[in-house]
Amino acid sequence: MVASAAILGAAATTGAIAAVPSAATPKPAPASQTMRALPSAPVEKVIVTYKSQAAEAGSNTAAKSDTAEKAAKTGEKLSFERRLAGGGALVDLGDSATKQDVTEVMDAFRADPSVASVEPDIRAYAMAVTPNDTDYAKQWDLFEATGGMNVPAAWDKTTGTGVTVAVIDTGYAAHTDLASNIVAGYDFISTSADARDGNGRDADAKDEGDWNATDGECGTGSKASNSSWHGTHVAGTIGATTNNTKGIAGIAYNAKIQPVRVLGKCGGSSSDIADAITWASGGTVPGVPANANPAKVINLSLGGASSTCPSVYQTAINGAVSRGTTVVVAAGNSNANTSGFTPANCSGVITVASTSREGNRSYYSNYGTIVDVSAPGGETRRSTDTPGTVTTPENGIYSTLNSGTTTQSTENYKPYQGTSMAAPHIAGLAALLKSAKSTLTPAEIESAIKTNARPLPGTCTGGCGTGIADTAKTVDAVLGTTPPSGNVFTNATDVTIADNTTVSSSIAVTGRTGNAPAALKVGVDIKHTWRGDLVIDLIAPDGTVRNLKASSSSDSADNVLTTYTVDASSEVANGTWKLQVRDVASGDTGYIDSWSLTF
């Protein structure tokens, strides 16, 4: 059976013009966008571990006496503070101690034959991952509490290293935000006219454009259109270079992307696509050299109408899965049951529906019982807006692209919508999982993603699988580091933050017993230019204030998008908690987008 396949994403452009701010209080020049070093905090205490036979190892009195002796010897004001769980003695030097003072005190303890070791009591800082990519703030799909996929919290455990993801699509339009992660692919379009490169299959996966010059050129009902550069957009979501002070961040940004071209003029054929699946996963295709970098994840953001899965697809997918490759497929954009579209209706694949920024099923997304999971696919217009228009570009999926209308021109970035955009979120997650635990099988990866998804915060008619995939939760689960289960309470109502004002957003916590946890997670999503203007506090039900963020006249970056961990174990869990935000300077404003508490 030969079936034509089309891309499953819709293009969007934006022409928004930023308003010029009014005169503001002078601020220092913007800081560099490079990764900032951790603060250099002074050492005020040292940890002394005594040898097991020494009296000080088990006696606080002896340890206090020894501390007094070292104080007399060094001339410093030392005090024994407490015994640590590991047996060490915590010795306080006071807040006026200099580096030289600390060195002298540590040398004095080290010279004592009863001391096994002495080390400074150093500071640690929250390692919330906020890449320095200049357009990261536009990637709500990665981090927002309501519609996002909780990606950044997984990056301290896995970034996709060692995994190749094959993007079987339109090919690759050269882009500097992807180039370092691209490995050699292949062009599987066998018909020269469709390939537009003057030949059939070859080793060059360059995207030659998929434009159509006239209506009806690709069959009844087809419309003239520009080139989509679809494969490059998909690839950026999975593996754009991250922390390079440019563009966007990829979900599995240390994975390799293998462009495999199957879609050209008027889509692509199932015979070419099936061979591409086989080759990408390390199988043998007659007349085609072996793949030097077999992929452990395949992304198929393409599909066609068919009530059954063609055997040519199923055979190729079965072979890929048997070789240990996870196959991810877009559900389709027809607002219909996915069972009527292929390869989404094939077995052995992860079929992905699309959700909006508000956490609803995207108005265009297919649905049904064969959908496995959902992921952000965005909405660049409202369902009631005129088809083909772009009214909400900020709610699309922002990724790498090209500005050419037919053939390649300069690189750029644009928001798209579609299950084509949802699928690479799951492909990226699959790469993170395979990188974190190389022994995972495709079935285990699918199970982990589905089991750890969260219910849609919005609505889904028809079936959206097990919910929106949760990246960090899934990674923790496969690594055996899943945190204790709890409840997430969220307030997604926008609260405007004007200049020099204090505002708050409340969350009513109910149904909990006892006190809040010692590691209460406070997820914060604040949209605000020059975030250094902001002071952020968490206010407990009894009025206790815990500072989450101080102001900084040198922090010129936009937005606060992170999760804070606070010790709230002294507070009763139930009650009204508040996120209080104070703007301390003029010239920059914003709003609380959403925030959450995880108990």
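- For Asp470 and Asn452, the side-chain atoms include no donor-acceptor pair closer than 3.5 Å.
- For the residue pair Thr98/Asp101, the side-chain donor-acceptor check at 3.5 Å is satisfied.
- If you check the side chains of Thr410 and Ser403, you find a donor sitting under 3.5 Å from an acceptor.
- For CZ of Arg582, the number of neighbouring non-hydrogen atoms (other residues, nucleotides, ligands) closer than 6.0 Å is 12 at most.
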Derivation and outcome, side chain to side chain contact (heavy atoms under 4.5 Å, CB included), residues Tyr591 and Val495: CA-CA 5 Å; Tyr591 61 97; Val495 178; 5.9 Å; no

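- Closest non-hydrogen pair, Trp595 versus Ser506, comes out as CZ2-C, 4.0 Å.
- Put simply, the side chain of Asn395 never gets that close to the backbone of Gly378: no donor and acceptor are under 3.5 Å apart.
- A donor-acceptor contact closer than 3.5 angstrom links the side chains of Asn60 and Arg83.
- Side-chain contact annotation: Ser365 with Ser354, donor-acceptor N/O pair under 3.5 Å absent.
- Looking only at distances, no side-chain donor or acceptor of Thr466 sits under 3.5 Å from a matching main-chain atom of Ala453.
- Residue pairs that meet the salt bridge (charged side-chain N to carboxylate O under 4.0 Å, His left out) test with at least one member in residues 423-434, sequence neighbours left out, do not exist here.
- Not a single donor-acceptor pair under 3.5 Å links the side chain of Gln417 to the backbone N or O of Ile397.
- Between the side chains of Glu411 and Thr176, at least one donor-acceptor pair of N or O atoms lies under 3.5 Å.
- Considering only heavy atoms from C-beta on, Val488 stays 4.5 Å or farther from Leu597 through its side chain.
- The closest side-chain donor-acceptor pair between Ser356 and Glu358 falls under 3.5 angstrom.
- Side-chain atoms of Asp177 come within 3.5 Å of backbone atoms of Ile248 as a donor-acceptor pair (strictly under, hydrogens ignored).
- Between Thr67 and Phe80, the shortest heavy-atom distance links the atoms CG2-N, 3.7 Å.
- The CG atom of Asp133 sits 12.5 Å away from the NZ atom of Lys138 when rounded to the nearest 0.5 Å.
- Note: Phe143 and Tyr136 meet the aromatic proximity criterion, with ring centroids under 6.0 Å apart.
- One side chain, Asp385 or Thr391, offers a donor N or O that lies under 3.5 Å from an acceptor on the other.
- Looking at Leu561, Ile592, Ile497 one by one, the single match for side chain to side chain contact (heavy atoms under 4.5 Å, CB included) with Lys527 turns out to be Leu561.
- Side-chain contact, His528 with Asp583: a donor N or O sits under 3.5 Å from an acceptor N or O.
- Between the side chains of Lys578 and Ser505, no donor N or O sits under 3.5 Å from an acceptor N or O.
- Look at Lys64 and Asp66 and you find no salt bridge, because none of the NZ, NE, NH1 or NH2 atoms lies under 4.0 Å from a carboxylate O.
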Side chain to side chain contact (heavy atoms under 4.5 Å, CB included) evaluation trace for Ile507 with Asn491: CA-CA 6 Å; Ile507 290 177; Asn491 187 339; 3.7 Å; yes

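- In summary, Arg357 and Glu144 engage in a salt bridge, as defined by a charged side-chain N under 4.0 Å from a carboxylate O.
- Not a single donor-acceptor pair under 3.5 Å links the side chain of Thr159 to the backbone N or O of Tyr253.
- Here the side chain of Thr544 pairs no donor or acceptor atom with the backbone of Glu571 at under 3.5 angstrom.
- Smallest separation of non-hydrogen atoms from Ile251 and Leu429: CG2-N, 4.1 Å.
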Would Leu520 and Thr598 count as a side chain to side chain contact (heavy atoms under 4.5 Å, CB included) if you check the C-alpha gap in whole Å, the side-chain angles of each, and the deciding distance to 0.1 Å? CA-CA 6 Å; Leu520 177 65; Thr598 303; 5.9 Å; no

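- Only one option out of Asp555, Asp588, Asp525 pairs with Arg531 in a salt bridge (charged side-chain N to carboxylate O under 4.0 Å, His left out); it is Asp555.
- Counting only distance, with no hydrogens or angles, the side chain of Ser420 and the backbone of Ser301 share a donor-acceptor pair below 3.5 Å.
- In this structure, the side chain of Tyr416 does not engage the main chain of Met421 through any donor-acceptor pair within 3.5 Å.
- Panel note: side chain Ser594, backbone Ala492; no donor-acceptor pair is recorded below 3.5 Å.
- Contact detail for Ala516 and Phe599: the closest heavy-atom pair is CB-CE2, 3.8 Å.
- Here salt bridge (charged side-chain N to carboxylate O under 4.0 Å, His left out) pairs that include residues 501-510, with residues two or more places apart or in two chains, number zero.
- Looking only at distances, a side-chain donor or acceptor of Thr392 sits under 3.5 Å from a matching main-chain atom of Arg381.
- In this structure, Thr496 and Val503 approach most closely via the heavy-atom pair O-CG1, 3.4 Å.
- Nearest heavy-atom pair across Asp141 and Pro376 is CB-CB, 3.5 Å.
- Between the side chains of Tyr564 and Arg546, no donor N or O sits under 3.5 Å from an acceptor N or O.
- By the neighbour-count criterion of 12 heavy atoms within 6.0 Å, atom NZ of Lys549 is densely surrounded, having more than that number from other residues, nucleotides or ligands.
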When you look at Lys521 and Thr565, which way does the side chain to side chain contact (heavy atoms under 4.5 Å, CB included) test go after all the steps? CA-CA 5 Å; Lys521 302 295 184 183; Thr565 301; 2.9 Å; yes

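- Between the side chains of Asp476 and Thr474, no donor-acceptor pair of N or O atoms lies under 3.5 Å.
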Worked check of salt bridge (charged side-chain N to carboxylate O under 4.0 Å, His left out) between Glu81 and Lys45: CA-CA 9 Å; Glu81 183 171 310; Lys45 302 175 185 180; 2.9 Å; yes

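- Side chains of Asn515 and Ser570: a donor-acceptor N/O pair is absent below 3.5 angstrom, by distance only.
- A donor-acceptor pair shorter than 3.5 Å cannot be found between the side chains of Gln580 and Thr502.
- Side-chain polar atoms of Thr241 and Ser180 form a donor-acceptor pair below 3.5 angstrom.
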